2 protein chains.
Amino acid sequence: MRSVAMDAADADRSDFTARARVRDAAVELFGRSGFNVSVRTIADAAGVSPGLILHHFGSKQGLREACDDYVLQRIREYKERAVRPASANELLLAMASVDESAPLVGYALQSLQAGGDLARSFIDHFAADAEEWIAEGVKAGTILPSLDEKARARYLTVQGFGALLLDLTLNPPEDPSDIAGAMRGYLARMGLPSTELFTQGLLADRSMLDAYLLYVVDPPQP
Amino acid sequence: MRSVAMDAADADRSDFTARARVRDAAVELFGRSGFNVSVRTIADAAGVSPGLILHHFGSKQGLREACDDYVLQRIREYKERAVRPASANELLLAMASVDESAPLVGYALQSLQAGGDLARSFIDHFAADAEEWIAEGVKAGTILPSLDEKARARYLTVQGFGALLLDLTLNPPEDPSDIAGAMRGYLARMGLPSTELFTQGLLADRSMLDAYLLYVVDPPQP
DNA sequence: ATCGCAACTGAACGCATGTTCAATATGCTA
DNA sequence: TAGCATATTGAACATGCGTTCAGTTGCGAT
């Protein structure tokens with residue numbers, strides 16, 4: 001039996017309980033092929049009968065929720081363990097480059113595409129981090145201040161993950177488990193234009209921004 | 001029987017053939033609920049038996065391909081009919097605001113999320129338009145030039161659609177058929193930070209861009 | 001040693017799906 | 001009007017799914 005000291009919500013990473021094996025197989029398969037993989041497929045991958053999955057997790061939905069919790073917790077751990085705060089892309093690429101944590105990235109991306117609570121927590125978390133990180137940059141003088149720091153942090157987060165997600169959807173890797181390679185391809189395609197946009201912007205003058213600010217103050221009646 | 005003058009690929013918009021009714025119902029349901037809606041559901045919506053759908057389209061996949069062609073063609077028409085060239089967001093919002101064309105937008109967005117050929121054509125098309133539109137802006141002096149105009153156009157397109165897609169996934173509208181409302185919500189949330197980013201950029205100096213350019217010329221060995 | 005409880009199996013069930021097919025209705029053509 | 005091709009139906013089939021459950025194994029406490 002499982003030690004009473006670690007309950008189901010614990011990060012029993014290095015154990016080989018059937019329950020943990022199922023959870024790991026589910027994270028990997030959900031992350032690689034989406035949430036339509038069958039319970040039987042997961043059971044096969046974990047070397048276990050289908051019935052056992054529902055014995056441990058109640059239902060397929062229960063399994064998904066357990067995976068959600070596990071992935072979110074492990075990513076939080078990973079983020080806190082990083083000595084220096086990093087951008088979301090850097091962190092994900094670092095995680096995707098390590099065999100042990102790569103499936104977590106795949107799962108998180110699939111989750112973002114599917115929506116739901118984990119996706120929201122995920123974005124909230126990264127947006128909060130971005131806000132902090134940006135605030136430090138502004139204080140240090142390396143980042144320009146914004147009229148709405150919170151909105152900017154969220155926008156940059158959604159925009160960054162959205163672009164990554166769509167790019168991976170349009171250019172699916174031949175090997176679906178090589179998320180690091182796929183991410184590197186994305187960064188190679190988008191690195192220059194994004195850095196350029198962040199450095200110089202796009203528009204030559206402030207007229208559009210000023211017009212938008214006027215529009216916000218006095219919107220046209222719909 | 002269908003007039004011999006318009007074959008299956010034609011834009012027989014205003015006819016009420018069972019085939020056209022099925023196609024319209026499929027576009028609407030696929031766009032609203034994704035591509036897992038059942039053939040039977042579509043048949044019900046079109047007031048038709050399930051068998052007829054496969055008689056006309058061969059398979060569910062055939063129906064999807066017919067919808068893909070139809071939607072892409074209608075969006076192209078819409079774009080050409082617009083007097084002035086517009087940004088992708090403007091065009092989509094305009095289409096989403098008209099009852100007749102709103103389902104097309106929903107379908108296109110679902111298609112982008114699912115990947116596949118239509119998604120690629122769609123992005124290619126909009127990226128090419130963006131490149132043209134940006135080139136005019138550069139010539140007119142309203143847009144700053146880029147080191148790689150093609151890559152920038154593609155980046156801005158992927159980034160824009162990706163952000164929209166992810167935002168709609170995270171904030172699904174109560175009424176899934178009100179795409180225009182959902183888009184307006186998105187623009188309200190992201191309008192200021194995106195305009196600000198496009199106007200002033202994010203970074204206070206060129207150091208990161210210069211570092212990236214050096215990195216591209218002489219990448220570290222992997 | 002044995003009792004008891006949890007882990008675990010695998011066959012079975014019910015359901016929804018995409019698809020097939022024989023039968024019928026319909027409308028154009030000769 | 002007769003005939004034929006096409007449109008259309010709806011029942012049936014095969015498959016894969018999530019889930020249930022009666023039964024078996026294995027282990028820790030008494």
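Note on naming: letters A, B, ... go to the chains in the order of the sequence lines (proteins, then strands), and numbering restarts at 1 for each one. What you see is a predicted model, and the numbers here were worked out from it, not measured in a lab.
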Could you check which of [options] has an atom nearest any side-chain atom of [X]?
| X | options | value |
| --- | --- | --- |
| Arg40(A) | dT19(D), dA12(D), dT9(C) | dT19(D) |
| Leu54(B) | dC8(C), dT20(C), dG18(D) | dT20(C) |
| Ser38(A) | dG18(D), dT17(C), dT20(C) | dG18(D) |
| Val39(A) | dG10(D), dT19(D), dA7(D) | dT19(D) |
| Leu52(A) | dT8(D), dT19(C), dA7(C) | dA7(C) |
| Lys60(B) | dG18(C), dT9(C), dT8(D) | dG18(C) |
| Ser49(A) | dT9(D), dT9(C), dT8(D) | dT9(C) |

message = Quick one: does any side-chain atom of Glu196(A) pair with a main-chain N or O of Leu147(B) as donor and acceptor, under 3.5 Å?
response =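 A pair under 3.5 Å: yes.
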Nearest-Å distance, [atom1] ([X]) to [atom2] ([N])?
| X | N | atom1 | atom2 | answer |
| --- | --- | --- | --- | --- |
| Arg21(A) | dA7(C) | CZ | P | 14 Å |
| Phe35(B) | dT17(C) | CZ | C1' | 18 Å |
| Asp44(A) | dT9(C) | CG | C1' | 13 Å |
| Gln61(A) | dC17(D) | CD | P | 18 Å |
| Phe57(A) | dG18(D) | CZ | P | 15 Å |
| Phe30(A) | dG18(D) | CZ | C1' | 12 Å |
| Asn36(B) | dG18(C) | CG | P | 8 Å |

task = Select from Thr41(A) and Gly58(A) the residue whose nearest nucleotide in DNA chain D is closer to the 5' end of that strand.
result =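 Going by which nucleotide is closer to the 5' end, it is Thr41(A).
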request  = Start with the C-alpha gap between Glu28(B) and Arg32(B), add the side-chain angles, then the distance that decides, and say whether salt bridge (Lys or Arg N to Asp or Glu O under 4.0 Å) holds.
outcome  = CA-CA 6 Å; Glu28(B) 171 141 6; Arg32(B) 191 187 311 166; 2.5 Å; yes
message = Angle between ring planes, Tyr107(A) versus Phe35(A), binned at 30° and 60°: parallel, tilted or perpendicular?
response = perpendicular
task = Scan for salt bridge (charged side-chain N to carboxylate O under 4.0 Å, His left out) pairs involving residues 112-129 of chain A, sequence neighbours excluded, and state none if there are none.
result =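 Salt bridge (charged side-chain N to carboxylate O under 4.0 Å, His left out) check on residues 112-129 of chain A returns Lys79(A)-Asp129(A), Asp117(A)-Arg120(A), Asp124(A)-Arg154(A).
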ask   = Phosphate oxygens OP1/OP2 of dC8(C): is one of them under 4.0 Å from a side-chain N or O of His56(A)?
value = yes
ask   = Side-chain N or O of His55(B) less than 4.0 angstrom from OP1 or OP2 on dA7(D)?
value = yes
message = Regarding Asn89(A) and Tyr186(A), do their side chains bring together a donor and an acceptor under 3.5 Å, going by distance alone?
response =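 Checked: Asn89(A)/Tyr186(A) side chains show no N/O donor-acceptor pair below 3.5 Å.
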